[in-house]
Amino acid sequence: MYKVGITGGIGSGKTTVCKVFEVLGIPVFYADTVAKEIMVRDELLIEGIKTTFGKESYFEDGKLNNKHIASIVFNNEAELAKLNALVHPAVFRAFDLWEVQISAEVPYTLKEAALLFESESYKMVDTTILVTAPLQIKLDRVVARDGVSAEQVKARMDKQLSDEEKIKMANHFIVNDEEHSIIEQVLALHKVFLNTAINLKL
Ligand code: ATP
């Protein structure tokens with residue numbers, strides 16, 4: 001199966017773009033949503049988290065103790081790296097399982113991940129899309145969506161690679177500002193991926 005990775009900074013609109021691909025019948029694996037799900041489902045991952053961060057990482061009913069984990073990894077690069085080293089491979093396993101369940105009729109799949117380039121999961125896809133938008137538009141969108149301050153959004157942005165870095169790594173681009181139509185850009189890329197996938201199957 002031909003695999004396309006899609007990423008973009010906070011508020012760039014990558015999830016919105018993925019919804020357009022879904023309308024075209026392309027299945028999307030939402031890595032960040034799956035990561036949250038498997039932290040309470042994947043036994044291997046749960047054991048790893050308990051061993052690394054303590055049994056108190058989970059409540060008795062099996063729910064994740066977010067506050068405990070956050071208190072350890074917040075502003076601590078080394079501890080955050082330990083958490084990522086546990087979660088990322090588990091997400092890769094979940095992605096592989098998801099891929100094998102996709103019908104052979106599907107031309108290609110999309111993997112959406114905020115940290116596609118930071119987590120090296122871009123190496124597991126065949127090509128990548130970067131969604132970009134001007135900083136002020138991204139800030140306004142996330143402030144409106146999450147009800148947080150622009151400062152809080154900026155602090156989250158600082159933890160990701162800059163667009164300048166990601167532009168060097170991406171293969172395709174979607175500009176999601178107020179002047180470009182994302183539908184037209186998605187349709188153009190869809191054509192490219194269909195052609196590539198068909199040629200690969202010939
Ligand atoms: P995050 O990384 O924070 O999850 P994201 O890149 O997935 O963000 P979205 O959730 O798709 O971004 O978009 C952020 C907000 O901006 C959402 O509320 C979405 O509805 C809105 N939005 C995205 N693109 C557009 C657009 N072209 N026009 C208007 N609103 C938009």
Side-chain angles (χ1 to χ4, degrees), residues 3-40 64 66 69-70 73-75 77 80-81 83-84 87-88 90-92 94-95 98 108-122 124-125 127-190 193:
K3 304 183 199 75
V4 180
I6 179 163
T7 192
I10 295 159
S12 59
K14 54 194 168 301
T15 306
T16 306
V17 168
C18 285
K19 299 286 174 208
V20 183
F21 277 101
E22 281 188 314
V23 171
L24 298 172
I26 301 306
V28 182
F29 179 89
Y30 292 95
D32 305 323
T33 309
V34 171
K36 284 188 193 126
E37 288 167 7
I38 60 176
M39 281 175 90
V40 290
L64 185 71
N66 275 311
I69 304 278
V73 304
F74 190 69
N75 283 338
E77 292 291 322
L80 181 62
L83 180 63
N84 285 340
V87 176
H88 291 165
V91 175
F92 298 162
F95 180 59
W98 179 84
Y108 65 93
T109 59
L110 268 192
K111 179 184 193 180
E112 190 229 49
L115 301 181
L116 188 78
F117 294 118
E118 292 88 338
S119 72
E120 303 218 330
S121 69
Y122 71 98
M124 292 174 186
V125 292
T127 193
T128 57
I129 305 170
L130 176 66
V131 182
T132 61
L135 176 66
Q136 193 56 51
I137 291 182
K138 290 191 283 192
L139 286 174
D140 291 347
R141 282 178 186 156
V142 181
V143 167
R145 187 193 61 187
D146 297 349
V148 291
S149 70
E151 292 315 310
Q152 284 169 305
V153 183
K154 277 188 191 153
R156 278 157 61 187
M157 285 176 170
D158 287 345
K159 294 196 179 354
Q160 300 186 339
L161 279 181
S162 67
D163 274 0
E164 287 70 29
E165 288 303 313
K166 286 188 257 199
I167 284 167
K168 290 184 207 152
M169 302 171 87
N171 302 110
H172 303 278
F173 302 91
I174 289 181
V175 180
N176 184 20
D177 56 13
E178 280 154 1
E179 281 147 43
H180 297 80
S181 148
I182 53 174
I183 294 176
E184 277 172 25
Q185 295 175 83
V186 168
L187 285 174
L189 282 179
H190 182 59
F193 300 145

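Here the structure is a predicted model, which is why all the values come from computation and not from measurement. Atoms within a ligand are numbered from 1 in the order they appear, just like the ligands themselves.
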Chemist: Is Arg141 paired with Asp146 through a side-chain N to carboxylate O contact shorter than 4.0 Å?
Modeler: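 The answer is no: the pair does not qualify as a salt bridge.
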Chemist: Which protein heavy atom lies closest to atom 7 (O) of ligand 1, and at what distance to 0.1 Å?
Modeler: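 Heavy-atom neighbour on the protein nearest atom 7 (O) of ligand 1: Thr15 OG1, 2.7 Å.
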Chemist: In sequence, state the C-alpha distance, the side-chain angles, and the governing distance for Glu112 and Thr7, and then conclude on side-chain hydrogen bond (donor to acceptor under 3.5 Å, both in side chains).
Modeler: CA-CA 6 Å; Glu112 190 229 49; Thr7 192; over 6 Å; no
Chemist: Does some non-hydrogen atom of Ala133 fall short of 4.0 Å from ligand 1?
Modeler: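 So Ala133 does not count as touching ligand 1.
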Chemist: Which heavy atom of Pro27 sits nearest to which heavy atom of Tyr108, and what is that distance?
Modeler: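 Nearest heavy atoms, Pro27 then Tyr108: CD-O, 3.7 Å.
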Chemist: Atom 21 (C) of ligand 1: which protein heavy atom is closest, and how many Å away?
Modeler: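 Atom 21 (C) of ligand 1 sits closest to the protein heavy atom Arg141 CD, 4.0 Å.
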Chemist: Kindly indicate whether the side chain of Trp98, heavy atoms from C-beta on, has any atom under 4.5 Å from the side chain of Thr109.
Modeler: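 Yes, at least one pair of side-chain atoms sits under 4.5 Å.
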Chemist: So is Asn176 touching ligand 1 or not, going by heavy atoms under 4.0 Å?
Modeler: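 Asn176 counts as a contact of ligand 1 under the 4.0 Å cut-off.
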Chemist: Check if Gly11 has a non-hydrogen atom at a distance under 4.0 Å from any atom of ligand 1.
Modeler: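 Flag set, Gly11 near ligand 1.
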Chemist: May I ask you to list the atoms of ligand 1 that are less than 4.0 angstrom from any heavy atom of Gly9?
Modeler: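 Close to Gly9: 6 (O).
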Chemist: I need the atoms of ligand 1 closer than 4.0 Å to a non-hydrogen atom of Gly13, numbered in the order shown.
Modeler: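 Matching atoms, with element in brackets: 5 (P), 6 (O), 9 (P), 11 (O), 12 (O), 13 (O).
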Chemist: Provide, to 0.1 Å, the distance between atom 19 (C) of ligand 1 and the closest protein heavy atom, together with that atom's residue and name.
Modeler: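 Among all protein heavy atoms, the one nearest atom 19 (C) of ligand 1 is Thr16 OG1, 3.7 Å.
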Chemist: Check each atom of ligand 1 against the heavy atoms of Ile10 and keep those under 4.0 Å away; list them by number with element.
Modeler: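 In order of number, 2 (O), 3 (O).
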Chemist: So that I can tick it off, tell me whether Asp163 and Lys138 are bridged by a salt bridge, with the cut-off set at under 4.0 angstrom between side-chain N and carboxylate O.
Modeler: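 Looking at Asp163 together with Lys138, the answer is yes, because their closest N to O distance falls below 4.0 Å.
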Chemist: Hey, are Gln152 and Ser149 close enough side-chain-wise for a donor-acceptor pair under 3.5 Å?
Modeler: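 Gln152 and Ser149 do have a side-chain donor-acceptor pair below 3.5 Å.
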Chemist: Of the backbone atoms (N, CA, C, O) and the side-chain heavy atoms from C-beta on, which set of Arg145 has a member under 4.0 Å from an atom of ligand 1: side chain, backbone, both, or neither?
Modeler: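 Answer for Arg145: side chain.
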Chemist: What about the rings of His180 and Phe173, do their centers lie closer together than 6.0 Å?
Modeler: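 Distance test on ring centres: not under 6.0 Å, no.
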Chemist: Between ligand 1 and Ser12, can you find any atom pair, the residue atom being a heavy atom, that is separated by under 4.0 Å?
Modeler: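 Distance cut 4.0 Å: Ser12 passes for ligand 1.
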Chemist: For the 3.5 Å polar cut-off, considering only N or O atoms, please tell me whether Ile182 and ligand 1 meet it.
Modeler: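 The answer is no, given that Ile182 and ligand 1 share no N or O pair closer than 3.5 Å.
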Chemist: Would you mind checking which non-hydrogen protein atom is closest to atom 6 (O) of ligand 1, with the distance to 0.1 Å?
Modeler: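 Ranked first by proximity to atom 6 (O) of ligand 1 is Lys14 NZ, 2.8 Å.
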Chemist: Please tell me if atom 26 (C) of ligand 1 is touched by the protein, where touching means a protein heavy-atom distance below 4.0 Å.
Modeler: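 Yes, there is one.
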Chemist: Can you spot which of Lys154, Lys159, Gln160 makes a side chain to side chain contact (heavy atoms under 4.5 Å, CB included) with Ile10?
Modeler: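 Single pass found, and it is Gln160.
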Chemist: Considering all heavy atoms of both residues, which atom of Met124 and which atom of Phe95 are nearest to each other, and what is their separation?
Modeler: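 Between these two residues, the closest heavy atoms are O-CE2, 4.4 Å.
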